[in-house]
Asks: 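The structure follows.
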Number of protein chains: 2
Amino acid sequence: MASEETAKPRRADAQRNYDKLLAAAREIFREHGAQASLDDIAKRAGVGPGTLYRHFPTRDDLIDAVMREWSEDVDSDSDEVIAAGLDAQETLRTWFGKFVENIGVYRGAAAKVMSAMDDESSPIYRKCQVLVGANDKVLTHLAGRGELRDGVDSREVMRLVSGIATVADQSHLSVDESTPMLDIVIQGILRDPSAP
Amino acid sequence: MASEETAKPRRADAQRNYDKLLAAAREIFREHGAQASLDDIAKRAGVGPGTLYRHFPTRDDLIDAVMREWSEDVDSDSDEVIAAGLDAQETLRTWFGKFVENIGVYRGAAAKVMSAMDDESSPIYRKCQVLVGANDKVLTHLAGRGELRDGVDSREVMRLVSGIATVADQSHLSVDESTPMLDIVIQGILRDPSAP
DNA sequence: ACCTGAACACCGTTCAAGT
DNA sequence: ACCTGAACACCGTTCAAGT
């Protein structure tokens, strides 16, 4: 298997360390959440703390790298959901459900995404744009079929759903336990079936 | 003016320190949020760090004390809103708006409330119950007039609104900027005007 | 009973020395 | 160009000594 990132050219040992750090970060973030000790990550990767800082100057840079493949998964989910041809309500349930589930893999990630959405200076900002774009695709698809209420802004919906993901994360709710909240949002953005 | 808390009897100097700590915490939490340095609070209060820990064994105990009057304000807001005799939509807008505004006074407080709501072991849990109760009063009032959709659970609504407050807090949104999200939730829980 | 502040522990961050 | 790890800084927490 090739190295994790195909990005810029690095010395072989640097690339190896980069990969080990990323793998260690994934493990430790999964175990202890996105606030885990960076020192532990360096230890698990078997490198000095300085090496971690060389590759990832801030915690968010490390989180950003960990999120890369993950945000691509979310994006492809949005295409699948649209292609599935479900009705509007089921489309949103599936899409929001997958979103909350995916973002919940790393504890603390939902809060990071939530606050990075409106912060261009955050290293995670661009990754958030992928998520915002994916959500916009789904909502635009439904809007094109006249299924949404007037004035629904996909950005606000994204904020709401990432807020729900954060609630689910911090209150240790399962995906099932977050559906009542998601259903309220869905009712709030879908046009009434009784309308002309 | 009397001392801040009428609770248990304390030695005069202890009570003075308690009050100074609480005043300092309010100031510093307001300036730097609920994650501010506890050492700074002790310094501002002019006491040793050990004294802070004697009165408030954990950060959450301190937050809890700071929140006391504040949660009472929220509770009385709910009564005022009910008494105001507004229509359902305006009732919810006013109530949710006040809630988000109040909880936003201390940065980081919204996230604390959010996660303490489902955690009985949290020192803030009881304070959260006051908020949950206040919200339940407002929703029960509307439900009694048949204005809510069937199956709306006030607990889920509370989770959602505290999630919105957290989004607003962490993304530095003004109260105005959080109304679009609140409106979606309001649409989601109000019965359709067109229903029989 | 309560206060103080030195002391400890933990962890993030830097940087001089080394390859 | 990159790595190492000692060193520093900051802050939460404890506790022996004092009143």
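Just so we're on the same page: letters track the sequence lines, and every chain starts at 1. What you are looking at is a predicted structure, and each value in this text was computed from that prediction instead of being measured.
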Asks: Given atom NE2 of H32(B) and atom P of dC10(D), what is their separation to the nearest angstrom?
Replies: 15 Å
Asks: Side chain of R149(A), backbone of G188(A): donor and acceptor closer than 3.5 Å?
Replies: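 Checking the backbone N and O of G188(A) against the side chain of R149(A), a donor-acceptor pair under 3.5 Å is found.
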Asks: Heavy-atom nearest nucleotide on DNA chain C for A36(A) versus G50(A): which residue maps closer to 5'?
Replies: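 Comparing both residues, the 5'-ward one is A36(A).
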Asks: To the nearest Å, give me how far apart CG (L38(A)) and P (dT14(C)) are.
Replies: 12 Å
Asks: So, are D73(A) and K98(A) salt-bridged, with charged N and O less than 4.0 Å apart?
Replies: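 Between K98(A) and D73(A) there is no salt bridge, as every charged N stays at least 4.0 Å from the carboxylate O atoms.
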Asks: What is the distance from CZ of R59(B) to C1' of dG12(D), rounded to the nearest Å?
Replies: 9 Å
Asks: Counting side-chain heavy atoms from C-beta on, which of dG12(C), dT4(D), dC2(D) comes nearest to Y53(A)?
Replies: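 Selected nucleotide: dG12(C).
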Asks: Which of these nucleotides, dT4(D), dG5(D), dC2(D), is closest to any side-chain atom of P49(A)?
Replies: dG5(D)
Asks: When we call it a touch if two heavy atoms are under 4.0 Å apart, what does D40(B) touch: a base, just sugar-phosphate, or nothing?
Replies: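 Counting heavy atoms under 4.0 Å across all strands, no contact is made by D40(B).
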Asks: Are R107(B) and D169(B) close enough for a salt bridge, meaning some N to O gap below 4.0 Å?
Replies: no
Asks: By nearest atom, which of the nucleotides dC3(D), dT4(C), dC3(C) is closest to the A14(B) side chain?
Replies: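 For A14(B), the side-chain atoms sit closest to dC3(C).
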Asks: Quick one: list whatever passes side-chain hydrogen bond (donor to acceptor under 3.5 Å, both in side chains) with S76(B), sequence neighbours left out.
Replies: none
Asks: When the distance from CG of D39(B) to P of dA7(C) is rounded to whole Å, what number comes out?
Replies: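 Going from D39(B) (CG) to dA7(C) (P), I get 16 Å.
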Asks: With a 4.0 Å cut-off on N to O distance, would you call D136(A) and R155(A) a salt bridge?
Replies: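 No salt bridge links D136(A) with R155(A).
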Asks: Check whether R191(A) reaches the backbone of G146(A) with its side chain - one donor and one acceptor, N or O, closer than 3.5 Å.
Replies: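 Between the backbone of G146(A) and the side chain of R191(A) there is a qualifying donor-acceptor contact (under 3.5 Å).
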Asks: H55(B) NE2 to dC2(C) C1': how many Å, rounded?
Replies: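 It works out to 8 Å between those atoms.
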Asks: Provide, to the nearest angstrom, the distance between the CZ atom belonging to R54(B) and the P atom belonging to dA1(C).
Replies: 9 Å
Asks: In this structure, how many angstroms lie between the P atom of dG12(C) and the CD atom of Q35(B), rounded?
Replies: 16 Å
Asks: May I ask you to evaluate whether N17(B) reaches the phosphate of dC2(C), defined as a side-chain N or O under 4.0 Å from OP1 or OP2?
Replies: no
Asks: Could you check whether D39(B) pairs with K43(B) (Lys NZ or Arg NE/NH1/NH2 to Asp/Glu carboxylate O, under 4.0 Å)?
Replies: yes
Asks: Using whole Å, what does the distance between atom P of nucleotide dC2(D) and atom CG of L52(A) come to?
Replies: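 In whole Å, dC2(D) P lies 15 Å from L52(A) CG.
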Asks: Would you say a side-chain N or O of S37(B) is under 4.0 Å from OP1 or OP2 of dC11(D)?
Replies: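 S37(B) to dC11(D) OP1/OP2: no side-chain N or O under 4.0 Å.
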Asks: Stems involving DNA chain C: give each as a range paired with a range, ordered by first number, where a stem means at least three consecutive Watson-Crick or G-U wobble pairs under 3.5 Å.
Replies: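 Only these stems qualify: C:4-8 with D:12-16, C:12-16 with D:4-8.
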